[in-house]
Visitor: 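Pasting in a structure now, in structure tokens, and then I'll have a few things to ask.
Residue numbers count from 1 along this sequence.
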Amino acid sequence: MAADVWQGFAAFAIIASVMNMKKFLTAVLTAAMMLLTPAQVWAADAWAVAAEALGVLAAYQSTLREILALGNNAGAQMAARKQDIDKNGVDKNPRDVELVDSIMTRLVNGGQYELRVNSLPFVWSVNDNEKFNAACYPMNYISVNRGLIRNLGGDENQIAAVLAHEMTHGIEQHSAKSYAQAVAQQLGAMVLGMNVDNGRNVDWGKFAGMVDYSIAKNINVPAEYAADEGGFYLMTSAGFNPGGGAAAMNRLGYYVRYETRDVWEFDAHDKPDEQTLSDHPDTDKREAKMAELMTAYGGGHVTVAKDGRAYKVLVDGAELFYSVNTGDNPTSAAVNAYCFAGGLSKAFHDYDNAAAWNFRQGVTNQTDFLTDEPAYRELRSLASMYNLGEKIQAAVTMAYRNESPATRKKIRDDDAAREKFWAKVKSEADSAKAKAATLLRVNADIYNDHGQGELALKQIARALNAKNQDDVAECLGIRGRAKAIVGDYDGALADADAAIDKDATNLYNFLNRADVRHMRGELELALADIERALKIDADNPIAYKLRGDIFDEQSDSAQALTAYRKCYELSQKKPESIPLTYLEQIDAKAAEKVRKAEAKAKEEAA
């Protein structure tokens, strides 16, 4: 537990009182529910000029600061996930959840990216909404609708492309910028129409509702293309098929034109550059750009060309595979072509010569090649189905024979440039000022409070890597608590002991060890650590809360009530910190409010 946690909650409450945070969050979350379209992001200089001309630059900057702070609050992240699940439910198909968990785990742990110091680790869930949507909230919570999984046919490469796109929005903090810009736009219009003093007298509670639609539909083409490109390199670095992005865009294009009947969902249009309520890029153009990225990734050897309703895959201009729709699937030709081409592109990128493709005789006397790596699955399956092994071997051999040395050099130089870029981002995060390093530690402790030990371990590792971390001892205590949450009880106690050895003046080091011992079942030792913490600060509410929990587990309701009562008084009567059965005895009115709020939440969820 960290001393700054309660201060962080207090700061969050201040923001809420100023801007009506409940409505503020509602606006943010409404914005986030648009697939691949978090909102408009303009160039900073252009935005500064426009905002200053409208007299709203200060409003834009202050709102951006607030939403960036919200995006770096683990408590807000957990609240956003809960709100999403409460509103939309959880996908009832466990296969959907397992698939998304698998894809996101690969992207998060295997993809090439780094988090900025004021960004949180990614959290995700699959809700029960049928719309073809996914979104990244400002605090790096990714919400995935079951409708996305179903409409992409459960194809991991297409889903990976969408989720990597959403992760890029989070990495680049697009959502925070877009909300602040929407505020400035709407506020500018209000200032001009109402002659309000630069927005200082605007009712922000009412205003939050006014910008909902503006955020959701106010999409900027460069930001979407940037997320497409960033997502492409993220998903390919995690080992997914480079053709997945173009295939997903093709499927999305068909959906918005011919399947959805909800005009507000995407506001699609058939004519390129046609002005509509939405400024999101035309899906055909996005598909083409994703295909270009795939081609460039493989050194320019592999291209996909449309031929009526069919698609051709070419290597150095020579047709290798002709893909047509199968069954009643109107997008199977495109999906097969892009995944076939994507497998080729990945191999051209990864291998410097044809020998590395391992062409060989397969069990059916056909020419087989490459490995069982999932990114090659569609390529090898289709090659086997249509007996294309020898043709592919000939085309690949010729391509390398005619390849310019500059082509291979460019592939490696581009890889090195991306590696250097992310190394710089990491270095900047690790070298951040002490205040930012403290927030890393605080957010790790908040994850612990929510029982998210794995997230806490990720966050505390970042805190310990920070060069300007001001309390390594407390970091060790927090890490110990996180280890206990994930079941590493011996490692947990070792860290908790080390924290106290390093600093026995910090009561939170004793409280962290008390919680570790609590989880180990060593209740008397935990109570002893709480007593040592209270000798340092007799008015610490967390100590009394933990003491109440332990006494309650021991069925000592009298001492539990005494401890909870003291916690309630010291925490300025925060009812959420007290179990309802005890709250009823401490503050009946507060308990009744909690009961009504819970009943209302259940009713709304139903």
Visitor: Less than 4.5 Å apart, any side-chain heavy atom of V313 and any of E319?
Guide: no
Visitor: Can N127 and S143 be counted as having a side-chain donor-acceptor contact under 3.5 angstrom?
Guide: yes
Visitor: If only side-chain N and O atoms count, and only distance matters, is there a donor-acceptor pair under 3.5 Å linking T283 with Y254?
Guide: no
Visitor: Quick one: closest heavy-atom pair of M294 and A341, and the distance?
Guide: CE-CB, 3.8 Å
Visitor: Does S384 reach the main-chain N or O of R380 with its side chain, forming a donor-acceptor pair under 3.5 Å?
Guide: no
Visitor: Run the salt-bridge test on E156 and R377 with the 4.0 Å N-O cut-off and return the result as yes or no.
Guide: yes
Visitor: State, with a plain yes or no, whether a side-chain heavy atom of H165 is found less than 4.5 Å away from one of R286.
Guide: yes
Visitor: Answer yes or no: is there a side-chain heavy-atom contact under 4.5 Å between P121 and Q459?
Guide: yes
Visitor: Go through it in stages, so that I can follow the logic: the residues are M290 and F232, the test is side chain to side chain contact (heavy atoms under 4.5 Å, CB included), and I'd like the CA-CA distance, side-chain angles, deciding distance and then a yes or no.
Guide: CA-CA 8 Å; M290 295 298 284; F232 174 84; 4.2 Å; yes
Visitor: Between C339 and N241, what is the shortest heavy-atom contact and its length?
Guide: O-ND2, 2.9 Å
Visitor: So, are E373 and K346 salt-bridged, with charged N and O less than 4.0 Å apart?
Guide: yes
Visitor: Look up atom CG in L370 and atom CZ in R360, then write down how far apart they are to the nearest 0.5 Å.
Guide: 7.5 Å
Visitor: Is R412 salt-bridged to D352, going by a charged N under 4.0 Å from an acidic O?
Guide: yes
Visitor: Is there a side-chain contact between N118 and L439 (heavy atoms, below 4.5 Å)?
Guide: no
Visitor: Backbone N or O of A80 within a donor-acceptor pair of the D84 side chain at under 3.5 Å?
Guide: no
Visitor: Should V108 and Y113 be marked as a side chain to side chain contact (heavy atoms under 4.5 Å, CB included) after you check the CA-CA gap, both sets of side-chain angles, and the distance that decides it?
Guide: CA-CA 9 Å; V108 166; Y113 73 98; 3.5 Å; yes
Visitor: Rounded to the nearest 0.5 Å, what separates atom NE2 in H169 from atom CG in N140?
Guide: 12.0 Å
Visitor: With no hydrogens and no angle check, just 3.5 Å: does a side-chain donor-acceptor pair link Q77 and N443?
Guide: no
Visitor: Is the shortest side-chain N to carboxylate O distance from R418 to D414 below 4.0 Å?
Guide: no
Visitor: What's the verdict on side chain to side chain contact (heavy atoms under 4.5 Å, CB included) for N73 and M139, showing C-alpha distance, side-chain angles and the deciding distance?
Guide: CA-CA 7 Å; N73 186 307; M139 58 288 293; over 6 Å; no
Visitor: Any side-chain to backbone donor/acceptor pair from T105 onto D101? Under 3.5 Å, distance only.
Guide: yes
Visitor: Using modelled atom types and a 3.5 Å cut-off, is there a donor and acceptor pairing between side-chain atoms of S345 and backbone atoms of G298?
Guide: yes
Visitor: Checking T397 side chain against Q393 main chain: does a donor-acceptor pair fall under 3.5 Å?
Guide: yes
Visitor: Among N133, D96, D128, exactly one meets side chain to side chain donor-acceptor pair (under 3.5 Å) together with R146. Which residue is that?
Guide: D128
Visitor: Within this structure, what is the CG-CG distance for the pair N145 and N88, rounded to the nearest 0.5 Å?
Guide: 6.5 Å
Visitor: For the residue pair N250 / Y338, report whether a side-chain donor-acceptor contact shorter than 3.5 Å exists.
Guide: no
Visitor: What pairs with E172 under side-chain hydrogen bond (donor to acceptor under 3.5 Å, both in side chains), at least two apart in sequence or on another chain?
Guide: none
Visitor: Do R481 and D495 meet the salt-bridge criterion of a basic N to acidic O distance under 4.0 Å?
Guide: no
Visitor: For D372, I'd like to know if atom CG has over 12 heavy atoms of other residues, nucleotides or ligands within 6.0 Å.
Guide: no
Visitor: Is it the case that the side chains of T331 and N329 hold a donor-acceptor pair, with the cut-off being a distance below 3.5 Å and no angle test?
Guide: yes
Visitor: Please check if the number of heavy atoms outside K391 that lie under 6.0 Å from its NZ is greater than 12.
Guide: yes
Visitor: Between Y400 and F348, how do the two ring planes meet: parallel, tilted or perpendicular, split at 30° and 60°?
Guide: tilted
Visitor: Any chance you could measure L163, atom CG, to T168, atom OG1, to the nearest 0.5 Å?
Guide: 10.5 Å
Visitor: On a heavy-atom basis, which atom in L440 and which in V117 lie closest, and how many Å separate them?
Guide: CD2-O, 3.7 Å
Visitor: Is the shortest side-chain N to carboxylate O distance from D284 to R257 below 4.0 Å?
Guide: yes
Visitor: Would you call K458 and E454 a side-chain contact if the rule is heavy atoms closer than 4.5 Å?
Guide: no
Visitor: Check this for me: Q366, atom CD, are more than 12 non-hydrogen atoms of other residues, nucleotides or ligands nearer than 6.0 Å?
Guide: yes
Visitor: Under 3.5 Å, is there a donor-acceptor pair between the side chain of E166 and the main chain of C136?
Guide: yes
Visitor: Please work out whether the ring planes of Y297 and H349 are parallel, tilted or perpendicular, with thresholds of 30° and 60°.
Guide: parallel
Visitor: Between E114, R462, R116, which is the residue that forms a side-chain contact (heavy atoms from CB on, under 4.5 Å) with K426?
Guide: E114
Visitor: Do Y137 and R81 have side-chain heavy atoms sitting under 4.5 Å apart?
Guide: no
Visitor: Ring-plane angle category for W357 and F359, please: parallel below 30°, perpendicular beyond 60°, tilted otherwise.
Guide: parallel
Visitor: Does NZ or CZ of K289 come closer than 6.0 Å to the centre of the six-membered ring of Y225, within 45° of the ring's axis?
Guide: yes
Visitor: Do D488 side-chain atoms and G491 backbone N/O form a donor-acceptor pair below 3.5 Å?
Guide: yes
Visitor: Rounded to the nearest 0.5 Å, how far does OH of Y311 lie from OG of S332?
Guide: 10.5 Å
Visitor: Under a 4.5 Å cut-off applied to non-hydrogen side-chain atoms, are I149 and I159 in contact?
Guide: yes
Visitor: Rounded at 0.5 Å granularity, tell me how far CG in D91 sits from CG in L99.
Guide: 10.5 Å
Visitor: Check whether any side-chain N or O of T295 sits under 3.5 Å from a backbone N or O of V302 as a donor-acceptor pair, and report yes or no.
Guide: yes
Visitor: Would N358 and T371 count as a side chain to side chain contact (heavy atoms under 4.5 Å, CB included) here? Give the steps.
Guide: CA-CA 8 Å; N358 189 26; T371 68; over 6 Å; no
Visitor: Would you indicate whether the side-chain heavy atoms of R479 and L464 approach each other to under 4.5 Å?
Guide: yes
Visitor: On a heavy-atom basis, which atom in F240 and which in A375 lie closest, and how many Å separate them?
Guide: C-CB, 4.0 Å
Visitor: Which pair of heavy atoms, one from L152 and one from R251, lies closest together, and at what distance?
Guide: CD2-CG, 3.7 Å
Visitor: Tell me whether Q112 at atom CD has more than 12 heavy atoms from other residues, nucleotides or ligands lying less than 6.0 Å away.
Guide: yes
Visitor: Within the side chain of S431, is there an N or O that forms a donor-acceptor pair under 3.5 Å with the backbone of S427?
Guide: yes
Visitor: Give me the atom names and distance for the closest heavy-atom approach of A444 to I478.
Guide: CB-CG2, 4.0 Å
